[in-house]
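Written out below as structure tokens is the structure these notes cover.
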Amino acid sequence: MIAFTKMQGAGNDYIYIDNRNEVVKNPAELSPKISDRHFGVGSDGLVLICSSDKADIRMRMFNPDGSESEMCGNASRCVARFAWERFFQKEKDEFDLETGAGIKHIVIHHNGKNFQSATIDMGAPILEPEQIPVAAPTNRIRIDGREFTCVSMGNPHAVTFVDSVQTAPVLTKGPAYEMDKAFPRKANIEFVEVLSPTHAKMRVWERGTGETLACGTGSCATLVACVLNGKTEREIDLELLGGTLHIEWREDNSHVMMTGPAEFVFEGTFDE
Ligand SMILES: N[C@H](CCC[C@H](N)C(=O)O)C(=O)O
């Protein structure tokens, strides 16, 4: 039996396991089983909270297809809250998180007792095609006549602008775009509707997962694509199906700052 905590950030739900004692031996095998919404607990994937020799804590994130992602924005806020409450007893509200995309600095906003939100310094976006990676001369590509701006936030994203997220072909085209030959490591696909220079809506088709209610790294990639295409200012509220994230692309150091919620849902044990 494995003890787990279910958490969600803007409706992007993962199963969190305290893996400091390496209770999970094969996460690529466990993720599809535990994430299954009928035969398992049900989630958008599995997140292991591990000890780190480079930062205060480390996280690893697995999609429901068993693949590991370099980074996950919504999970980083949930891991931040988990650590703030359970490892640091609410006494340390700034710390560093090691991820597959480097070390991220976290700030917890609270009133001394209650968690309010977390801000993660997501670092600078990667725009060089071979590093995203995208098999093209620039990070602007066309698939099927549709334009995409490709951005890596540690993991690969392709952002496309639509008139309405409601009618965007997330479910019908998302799977083919994710697997397109332009993306050697596949990609997360964001469909974005700009409402004003400081407000947009986004729906996401996630690599290895399908449509989710929110994607933190995808939200950061979305703001970068908005700015590069002259669609918004450098700070926006981004409305997702499961909530709103506040994203800022700083001018001084080019880092993207993501602020949003992180909630506990329930605890349990899973029979492997
Ligand atoms: N939902 C996550 C991203 C998961 C990305 C994963 N689907 C990938 O393969 O890169 C987020 O909040 O950033």
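Atoms within each ligand, like the ligands themselves, are counted from 1 in listed order. Values in this document were obtained by computation on a predicted structure and should not be read as measured data.
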> What do we get for Asn188 next to ligand 1 when only non-hydrogen atoms under 4.0 Å count, side chain, backbone, both or neither?
Replying inline: side chain

>> Between Asp13 and Arg37, does any side-chain N to carboxylate O distance fall below 4.0 Å?
In response: yes

> Ring centroid separation for Phe95 and Phe88, is it under 6.0 angstrom?
Replying inline: yes

>> Could you check whether Glu272 pairs with Lys25 (Lys NZ or Arg NE/NH1/NH2 to Asp/Glu carboxylate O, under 4.0 Å)?
In response: no

>> Among all protein heavy atoms in this structure, tell me which lies nearest to atom 8 (C) of ligand 1, with the distance rounded to 0.1 Å.
In response: Ser69 OG, 3.2 Å

> Closest non-hydrogen protein atom to atom 6 (C) of ligand 1, residue and atom name please, with distance?
Replying inline: Asn63 OD1, 3.3 Å

> Who's the nearest protein heavy-atom neighbour of atom 9 (O) of ligand 1, and how far?
Replying inline: Arg207 NE, 2.7 Å

>> So if I apply the side-chain contact (heavy atoms from CB on, under 4.5 Å) rule between Tyr14 and each of Cys72, Ser31, Cys78, which one comes out positive?
In response: Cys72

> Judging by distance only, is a nitrogen or oxygen of Pro156 under 3.5 angstrom from one on ligand 1?
Replying inline: no

>> Does anything in residues 210-230 form a salt bridge (charged side-chain N to carboxylate O under 4.0 Å, His left out)? List the pairs, not counting sequence neighbours.
In response: Arg203-Glu211

> Of the protein's non-hydrogen atoms, which lies at the shortest distance from atom 12 (O) of ligand 1, and what is that distance?
Replying inline: Gly216 N, 2.6 Å

> Is Asp144 salt-bridged to Arg146, going by a charged N under 4.0 Å from an acidic O?
Replying inline: no

> How far is atom 4 (C) of ligand 1 from its nearest protein heavy atom, and which residue and atom name does that atom have?
Replying inline: Glu206 OE1, 3.2 Å

> Tell me: protein heavy atom nearest atom 5 (C) of ligand 1, and distance?
Replying inline: Asn155 ND2, 3.5 Å

> Where does Thr217 meet ligand 1, judged by heavy-atom distances below 4.0 Å: at the side chain, the backbone, both, or neither?
Replying inline: both

>> Tell me the protein heavy atom at minimum distance from atom 2 (C) of ligand 1, and give that distance in Å.
In response: Cys72 SG, 3.0 Å

> Using links of under 4.5 Å between side-chain heavy atoms of ILVMFWY residues, direct or through other members, which residues join Leu213 in one cluster?
Replying inline: Leu241

>> With heavy-atom distances below 4.0 Å as the criterion, list the atoms of ligand 1 near Asn74.
In response: 11 (C), 12 (O)

> When you look for heavy atoms under 4.0 Å from ligand 1, do you find them on the side chain of Tyr14, its backbone, both, or neither?
Replying inline: side chain

